[in-house]
Protein chains: 2
Amino acid sequence: MAERGFAKFSAREAARRAGYSVGTIYNVFGGLDAYLIAINSQTFRAWSEGLEAALAGSTGDDDARIIALVRAYFAFAEANRNAWMAIYDHRIDRSQAIAKQDEAAREALTGIVDREVTRWLGRGDAADADATRRLVRSLIATVHGHCALWLSGSYALMREEDPAGQALARVFEALSAHRG
Amino acid sequence: MAERGFAKFSAREAARRAGYSVGTIYNVFGGLDAYLIAINSQTFRAWSEGLEAALAGSTGDDDARIIALVRAYFAFAEANRNAWMAIYDHRIDRSQAIAKQDEAAREALTGIVDREVTRWLGRGDAADADATRRLVRSLIATVHGHCALWLSGSYALMREEDPAGQALARVFEALSAHRG
DNA sequence: CCACACAACTAAACAGTGTTCAATTAAAAA
DNA sequence: TTTTTAATTGAACACTGTTTAGTTGTGTGG
């Protein structure tokens, strides 16, 4: 997946390279969808680790943590283009429930952002908990949008040499509007 | 494309339904990529028309125009899920130049947003033209991110009943930060 | 009116794909 | 050692995109 990308990915070839036959994928994972979910969940885990590592190495103030977080978000996506894009290329049929461990891998990322945003906003009252959660989702969407359009090359966003910087500007505008 | 979605779309079946053979697509469009670009460009045109129609029907103040624009953005995407997502599902090989008319269809949308943002910001000096353009791209990315995560159902953004409202909140925060 | 040229279109072939499933092999239990 | 269970295969099926030789139709110049 990392080297061919979602469009050119072939379960048959993946099985071949692993020294197995096609059928084994279906026996082990139950179907192609579950296999792709497993692959993408691994990407999610690596992504979360990358973000945590960047945060652990951030010694500055609270602004610095947000900056490190967003920069690490973009850095991972760029360094793992195909794998990162595959996460969003694979449309999951919502009728079929996904495995608990895979669900957890996906929610871990939201959890990190939630923790850091709450930290930045300062002791959040329990009353604002819901508003904060909505803001977190929205900030993720904001950063995602910048990253996705950047990597896909859509629009003439290309003439933007620092999309992460633009995303950060939007994030801080939103955060500032929600403080105190 | 509208009824099957990008993943299940088949050029062979499209040709069959149109009463042609597969080869004709290759003769007319030169290749599958160009065919998909033509399809998506048509979606872009319909999308732009939808936005313009919403703006034409907006009689309120400047805030109302921005609101109408973003709401129409989401409305079109929701009403044309598959076609809208296909725009971003189809990764164009940047080595091959796309037709001029298709390029125009894509840039028209950016043009609309540019016009409305400039209008909202008030007479923009020529000096700020570049800053405005960067902001416009960033706002598009912001709204795109909300819409994409919403329709794909990624993250637990689902528990958000008004993603367009969240996108609008972010847009106005950004616009306010960039006024005079 | 005819032969010709040219465009549009087809149909078949090729190498791939996802998906299923009877048959086989390997491992574990009795 | 025999039997049961699990893991794995490989072939079949119906698709897909892509290419190309060949066929059809249509309008033009003589």
Side-chain angles (χ1 to χ4, degrees), chain A residues 1-44 81-102 106 152-154, chain B residues 1-44 81-102 106 152-154:
Chain A
M1 186 66 86
E3 79 178 59
R4 308 273 289 176
F6 187 81
K8 294 183 180 172
F9 178 81
S10 154
R12 258 194 147 94
E13 193 187 342
R16 201 177 311 144
R17 290 207 202 177
Y20 286 96
S21 181
V22 217
T24 299
I25 286 182
Y26 285 80
N27 292 338
V28 173
F29 294 93
L32 183 61
D33 265 18
Y35 179 44
L36 294 173
I37 288 173
I39 292 173
N40 286 341
S41 295
Q42 208 143 338
T43 303
F44 260 108
R81 279 177 168 266
N82 284 335
W84 185 82
M85 290 176 116
I87 288 175
Y88 303 99
D89 286 338
H90 181 220
R91 309 251 188 256
I92 305 172
D93 185 12
R94 206 149 310 286
S95 71
Q96 193 167 354
I98 75 177
K100 194 175 269 181
Q101 53 187 354
D102 292 333
R106 282 163 155 73
S152 79
S154 296
Chain B
M1 186 66 87
E3 79 178 59
R4 308 273 288 176
F6 186 81
K8 294 182 181 173
F9 178 81
S10 154
R12 257 193 148 94
E13 194 187 341
R16 202 178 310 144
R17 291 208 203 176
Y20 287 97
S21 181
V22 217
T24 300
I25 286 182
Y26 285 80
N27 291 338
V28 173
F29 294 93
L32 183 61
D33 265 18
Y35 180 44
L36 293 173
I37 288 173
I39 292 172
N40 286 341
S41 294
Q42 208 144 339
T43 303
F44 261 107
R81 279 177 166 267
N82 284 335
W84 185 83
M85 290 176 116
I87 288 174
Y88 303 100
D89 286 338
H90 181 220
R91 309 249 189 259
I92 306 173
D93 186 11
R94 205 150 309 287
S95 70
Q96 192 167 355
I98 75 177
K100 194 175 268 181
Q101 54 186 353
D102 293 332
R106 282 164 155 73
S152 79
S154 297

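Throughout, protein chains are lettered first and strands after them, A, B, ... in sequence-line order, and every chain is numbered starting at 1.
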Any non-hydrogen side-chain atom of A:I39 less than 4.5 Å from a side-chain atom of A:F9?
yes
Salt bridge or not for B:E3 and B:R81, using N-O below 4.0 Å?
no
Under 3.5 Å, is there a donor-acceptor pair linking the side chains of B:R106 and B:S41?
yes
Filtered N/O pairs between nucleotides 12-15 of chain D and protein, under 3.5 Å:
unit_1 : atom_1 : unit_2 : atom_2 : d
D:dA12 : N6     : A:R12  : NH2    : 3.3

Where is the tightest heavy-atom contact between [X] and [Y], given as atom of each residue plus distance?
X	Y	answer
A:N82	A:M1	CB-O, 3.4 Å
B:A15	B:S21	CB-O, 3.6 Å
B:I37	B:D102	CG2-OD2, 3.4 Å

Just the rounded figure in Å: distance from [atom2] of [N] to [atom1] of [X].
X	N	atom1	atom2	answer
B:D93	D:dG17	CG	P	18 Å
A:F9	C:dG16	CZ	P	17 Å
A:Y20	C:dT19	OH	P	20 Å

List in chain and number order the residues that pass side-chain contact (heavy atoms from CB on, under 4.5 Å) with B:A2, two or more places apart in sequence or in another chain; answer none if no residue qualifies.
none
Could you walk me through whether B:L36 and B:F29 satisfy the side-chain contact (heavy atoms from CB on, under 4.5 Å) test, starting with their C-alpha distance in whole Å, then the side-chain angles of each, then the deciding distance to 0.1 Å, before giving a yes or no?
CA-CA 9 Å; B:L36 293 173; B:F29 294 93; over 6 Å; no
Here the residues of residues 21-38 of chain B within 4.0 Å heavy-atom distance, strictly under, of DNA chain D are B:V22, B:Y26, B:L32
